[in-house]
Amino acid sequence: MQASLQCGRFRLALDRPLIMGVLNVTPDSFAEAAPSTQLEVALERARDMIAQGADLLDIGGESTRPGALPVPEAQEAQRVLPVIEALREAGVPLSVDTSKPGLMRQALEAGADLINDITGFRNPEAIAAVAGADCAVCVMHMQGEPRTMQRNPQYDDVALDVKAFLAARCAALRAAGVAQDRILIDPGFGFGKTQAQNYALLRRLAQARVQPYPWLIGVSRKSMIGHVTGRSPTERVAGSIAAALAAVARGAAVVRVHDVAATRDALRVWQAVEQGVQDG
Ligand code: HH2
């Protein structure tokens, strides 16, 4: 795996799993009891996550839960840009979760370090928006689009199909001049996948991997956790951590989570097992 990730103002070592804290600035996120639409609430949540050990923050102004409707660019920008500006000096890389090339450009100008595109930079304008910058990019797999993606997802072989898609998108980014050490890949759990497909993909994460790109994975509080535990989104912390550790065991470099403190503890214990600890 790559030793580090070029991420805007930062170069992130990938010698331990990193935690990306989810900062949804949307009124309709599936996963949160009290979503942060007001700037002050969002900033407080961001600072809490940093204090708890978040290595990056992922700011999203458009919900992508199954069935969600698109948000106009101006509205998404109004939600996201003030948050970037307010957190620019917070000391952690800022990721922006958007598929809109116009907002990608504005976010980069405002100081974003990573562009997380759930549509995998399929839009050539999105590639053009990031090509000349030094931001990191997260290339995610999704079958279909959020409004309809869960209707009847179909694969020949979920791991190999996801891999083929990611390989093609990474090649397109590389051809446009995006350096190898700027790219993260993401299998897109819950995005056009049945629960059986989600779990098969997690189990076979190594087979879906496009070398040498590091994995970012997002399983936190998702329906795949609820499917197995029977719990509502805010009660899915323990299940989410089990899935995150399963991904880390299969090589995930970055985990995108809502519960930073709990995930931090779990990863610390994980690392102690893997690398050992000092007595005393
Ligand atoms: N999942 C969500 C949103 N963005 N980005 C990446 N790279 N990987 C993911 O798995 C991923 C993502 C959906 O989760 P969330 O942001 O918690 O919910 P919502 O979109 O409803 O706000």
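Counting from 1, the numbers follow the sequence of the chain as shown.
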Fill in: Full working for side-chain contact (heavy atoms from CB on, under 4.5 Å) between L56 and L18
CA-CA 8 Å; L56 311 92; L18 300 180; 4.2 Å; yes
Worksheet entry | N/O donor-acceptor pair under 3.5 Å between R16 side chain and L267 backbone | no
Fill in: Residue pair P17 / I19, side-chain heavy-atom distance below 4.5 Å
no
Item to complete: Using the rule that two of Ile, Leu, Val, Met, Phe, Trp, Tyr join whenever any of their side-chain heavy atoms come within less than 4.5 Å, decide whether I217 and V228 are in one cluster.
Response: yes
Discussion item. Quick check against the 3.5 Å criterion: does R122 have a side-chain atom that pairs as donor or acceptor with the backbone of T119?
Written reply: yes
Discussion item. Apply side-chain contact (heavy atoms from CB on, under 4.5 Å) to residues I185 and C170 and explain how you reach the verdict.
Written reply: CA-CA 8 Å; I185 53 173; C170 291; 3.5 Å; yes
Practice prompt. Spell out, as yes or no, whether a donor-acceptor pair under 3.5 Å connects the side chain of N198 to the backbone of G190.
Written response: yes
Response to the item:
Q195 and S223 have their tightest heavy-atom pair at NE2-OG, 3.0 Å
Worksheet item: Does any non-hydrogen side-chain atom of P93 lie less than 4.5 Å from one of L12?
Response: yes
Worksheet item: Under 3.5 Å, is there a donor-acceptor pair linking the side chains of K193 and H141?
Response: yes
Fill in: Within 6.0 Å of CZ in R264, more than 12 heavy atoms from elsewhere
yes
Item to complete: Go through the steps for R256 and D97 under the test salt bridge (charged side-chain N to carboxylate O under 4.0 Å, His left out), then give the verdict.
Response: CA-CA 11 Å; R256 180 183 181 277; D97 188 342; 3.5 Å; yes
Fill in: Test item: D55 side-chain N/O and M20 main-chain N/O as donor-acceptor pair under 3.5 Å
no
Discussion item. Show the nearest heavy-atom pair for residues A262 and V237, with the distance to one decimal.
Written reply: CB-CG1, 3.9 Å
Worksheet item: Do I59 and M104 belong to the same hydrophobic cluster, where Ile, Leu, Val, Met, Phe, Trp and Tyr are linked whenever their side-chain heavy atoms lie under 4.5 Å apart, directly or via other members?
Response: yes
Worksheet entry | N/O donor-acceptor pair under 3.5 Å between Y213 side chain and A167 backbone | no
Worksheet item: Is there side-chain contact between Q180 and P212, with heavy atoms separated by less than 4.5 Å?
Response: yes
Worksheet item: Is a side-chain donor or acceptor of R221 paired with a backbone partner of H258 at a separation under 3.5 angstrom?
Response: no
Fill in: Over all atoms of both residues, closest heavy-atom pair of G192 and P153
O-CB, 3.1 Å
Fill in: From CA spacing to verdict: side-chain contact (heavy atoms from CB on, under 4.5 Å), Q106, K100
CA-CA 10 Å; Q106 290 183 74; K100 299 190 176 72; over 6 Å; no
Discussion item. Between E44 and V41 (side chain of the first, backbone of the second, donor and acceptor by atom type, cut-off under 3.5 Å), is there such a pair?
Written reply: no
Discussion item. Rounded at 0.5 Å granularity, tell me how far CD in Q143 sits from CZ in R151.
Written reply: 13.5 Å
Item to complete: Enter the distance from T194:OG1 to Y155:OH here, rounded to the nearest 0.5 Å.
Response: 8.5 Å
Worksheet, complete the sentence: Between A133 and L108 the two heavy atoms that sit nearest each other are CB-CD1, 4.0 Å
Discussion item. Any side-chain to backbone donor/acceptor pair from N24 onto T26? Under 3.5 Å, distance only.
Written reply: no
Discussion item. Consider side-chain contact (heavy atoms from CB on, under 4.5 Å). Of I118, V162, T64, which one does M142 pass it with?
Written reply: I118
Practice prompt. Test L57 against every option in V92, D113, V96 by the side-chain contact (heavy atoms from CB on, under 4.5 Å) rule and name the one that passes.
Written response: V92
Worksheet item: Do other residues, nucleotides or ligands put more than 12 heavy atoms under 6.0 Å from the CD atom of E85?
Response: yes
Worksheet item: Would L23 end up clustered with V71 when hydrophobic side chains under 4.5 Å apart are linked, directly or stepwise?
Response: no
Item to complete: State yes or no: do V260 and L245 share one hydrophobic cluster built from I, L, V, M, F, W and Y residues joined by side-chain heavy-atom distances below 4.5 Å, directly or via other members?
Response: yes
Discussion item. I want to check something: taking the side chain as every heavy atom from C-beta on, are L39 and L43 in contact at a cut-off of under 4.5 Å?
Written reply: yes
Worksheet item: Is the backbone N or O of F189 less than 3.5 Å from a side-chain atom of K222, with the two atoms forming a donor-acceptor pair by type?
Response: yes
Worksheet item: Can L205 be reached from M140 by stepping across I, L, V, M, F, W or Y side chains whose heavy atoms are under 4.5 Å apart?
Response: no
Worksheet entry | Value rounded to 0.5 Å, distance of CG in D58 from CG in N116 | 4.5 Å
Worksheet entry | Sole residue of R203, R209, R204 in side chain to side chain donor-acceptor pair (under 3.5 Å) with Q207 | R204
Worksheet, complete the sentence: CD (Q78) and CG (L81) are apart, to the nearest 0.5 Å, by 9.5 Å
Worksheet item: What is the minimum heavy-atom distance between N123 and E125, and which atoms define it?
Response: OD1-N, 2.9 Å
Worksheet item: Can a salt bridge be assigned to the pair D181 and R11 using a cut-off of 4.0 Å between side-chain N and carboxylate O?
Response: yes
Item to complete: Go through V219 and V255 one step at a time and tell me if the side-chain contact (heavy atoms from CB on, under 4.5 Å) criterion holds.
Response: CA-CA 8 Å; V219 288; V255 292; over 6 Å; no
Worksheet entry | E62 and T98: side chain donor to acceptor below 3.5 Å | no
Discussion item. Show the nearest heavy-atom pair for residues A253 and L14, with the distance to one decimal.
Written reply: CB-CD2, 4.5 Å
Worksheet entry | Nearest-0.5 Å distance that lies between atom CZ in R79 and atom CD in E76 | 8.0 Å
Worksheet item: Would you find a donor on one side and an acceptor on the other, under 3.5 Å apart, between the side chain of R182 and the backbone of C135?
Response: yes
Fill in: Short side-chain donor-acceptor distance under 3.5 Å, D117 and S99
yes
Worksheet item: Are L184 and W215 side-chain neighbours, meaning at least one heavy-atom pair lies under 4.5 Å?
Response: no
Fill in: 4.5 Å side-chain heavy-atom contact, R174 and V178
no
Item to complete: Give me the one residue out of D186, L114, L216 that meets side-chain contact (heavy atoms from CB on, under 4.5 Å) with V254.
Response: L216
Discussion item. So, taking the atom named CG in D134 and the one named CD in Q6, what distance separates them when rounded to the nearest 0.5 Å?
Written reply: 5.0 Å
